Amino acid sequence: MKFQLKNIIAVMAITIALTSCSKDDDNAETITGQGTLKLEFDNTYGTANLAMDTPYLNSNGETVRVTKAKYIISNIVLTKEDGSTYTVPKAESYFIVDELTPASLSINLPNIPAANYIKVRYGIGVDQAQWELGATGQGDFLAQAQTAGMMWSWTAGYKFINFEGTFITPTVSTPAIFRVHTGKTGTDYNYKEVTLTFPDKALVRTTISPAVHILTDLSKLTDGTNKINFSEGASVMGGAKLALITANLDNAFVVDHVHND
């Protein structure tokens with residue numbers, strides 16, 4: 001009798017488990033359709049929110065005031081929680097982020113397949129393959145870059161980063177101008193890609209448009225792993241220092257949070 005009772009209890013437990021699993025499957029969310037995802041760029045200088053023409057002290061003892069901060073974001077790729085990726089169409093994946101143009105700080109990506117996304121990869125600058133398509137192969141972006149001051153010339157190519165301002169040193173109080181422009185120089189192309197992991201999933205749905213809030217620490221350009229001393233040369237547009245600035249981009253971007261609204 002005890003043996004039969006144990007068997008009955010075991011069968012009942014299995015039945016309940018199977019029924020529960022069946023209900024879970026029935027209630028599982030079916031993710032279909034498309035939605036919009038937004039990348040919001042918030043420029044900082046160190047831990048401070050970036051304010052133009054405001055003094056910031058770097059680790060070289062120089063007091064820096066930023067008057068221009070622009071960079072190109074391109075070739076956006078989103079990674080889903082299952083490891084698969086969605087690549088934003090190349091022709092729709094070139095943007096200029098400009099601190100003085102608030103609307104440019106938010107990049108809206110439409111027609112994103114509904115899914116749970118956990119990472120984003122993007123380039124800083126225009127990739128060499130795109131540039132090699134020639135002026136006629138750039139679409140509307142060439143005119144946008146020219147208007148925004150993000151071109152040297154067509155032959156010289158795009159400015160990937162346009163970062164300018166003034167600085168003083170502990171011994172020289174007269175402000176001097178600094179300029180940091182990255183892009184193609186000689187045989188060095190200086191295009192850089194970064195991959196950022198989200199602290200929370202971005203839930204793209206037809207009814208949910210996530211916003212991924214990205215902090216860009218502009219101090220890292222010249223005061224990151226590699227230190228650039230402006231008093232030793234205030235215009236960085238080529239040479240060995242430009243490669244050092246490009247390497248600093250590895251640590252310039254971080255995802256602060258994700259809104260799923």
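On a predicted model such as this, the values are computed, not experimentally measured, just so you know.
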Side-chain heavy atoms nearer than 4.5 Å, only ILVMFWY residues, links allowed to pass through others: does that put V88 and V194 together? yes
Flag yes if F163 and I177 sit in one hydrophobic cluster, no otherwise; membership is Ile, Leu, Val, Met, Phe, Trp, Tyr, and two members link when side-chain heavy atoms are under 4.5 Å apart. no
Are there over 12 heavy-atom neighbours, none belonging to L57, within less than 6.0 Å of that residue's CG? yes
Check step by step if side chain to side chain contact (heavy atoms under 4.5 Å, CB included) holds for T85 and L78. CA-CA 5 Å; T85 59; L78 299 167; over 6 Å; no
Given L215, I214, D200, the one that forms side chain to side chain contact (heavy atoms under 4.5 Å, CB included) with V255: I214
If you count every heavy atom of other residues, nucleotides or ligands that lies below 6.0 Å from K80 atom NZ, does the total exceed 12? yes
Can you tell me how far the OH atom of Y71 sits from the OG1 atom of T216, to the nearest 0.5 Å? 3.0 Å
Would you give the length of the straight line joining atom CD of E81 to atom CG of L203, rounded to the nearest 0.5 angstrom? 8.5 Å
Would a 4.5 Å heavy-atom cut-off, applied to side chains only, mark M150 and I72 as touching? yes
Between CD1 on residue I112 and CZ on residue R205, distance to nearest 0.5 Å: 13.5 Å
Hey, does the side chain of N108 reach the backbone of K38 with a donor-acceptor pair shorter than 3.5 angstrom? no
Assess whether side chain to side chain contact (heavy atoms under 4.5 Å, CB included) is satisfied between I168 and E62, documenting all intermediate values. CA-CA 6 Å; I168 59 174; E62 299 165 335; over 6 Å; no
Is there side-chain contact between V204 and Y117, with heavy atoms separated by less than 4.5 Å? yes
Taking D98 first and then K68, would you say they form a salt bridge - that is, a charged N and a carboxylate O separated by under 4.0 Å? no
Please work out which of the three classes, parallel, tilted or perpendicular, describes the rings of Y122 and F253, given edges at 30° and 60°. perpendicular
Quick one: do Y158 and M151 satisfy side chain to side chain contact (heavy atoms under 4.5 Å, CB included)? Show the steps, please. CA-CA 4 Å; Y158 292 95; M151 296 284 297; 3.1 Å; yes
Starting at CG of L109, measure out to OG of S209 and round the result to the nearest 0.5 Å. 11.0 Å
K227 bridged to D223 by N-O distance under 4.0 Å: yes
Under the side chain to side chain contact (heavy atoms under 4.5 Å, CB included) criterion, do F95 and L39 qualify, and how do the steps go? CA-CA 11 Å; F95 306 89; L39 300 180; over 6 Å; no
First locate atom CD1 of I245, then atom OG1 of T225, and finally report the distance between them rounded to the nearest 0.5 Å. 13.0 Å
Between D250 and K220, does at least one N-O distance fall below 4.0 Å, as a salt bridge requires? no
In this structure, are over 12 heavy atoms from other groups packed under 6.0 Å from D82 atom CG? yes
Separation between CD1 (I118) and CG (L196), nearest 0.5 Å, reads 12.5 Å
Check the side chains of N75 and Y191 for a donor-acceptor pair under 3.5 angstrom, ignoring hydrogens and angles. yes
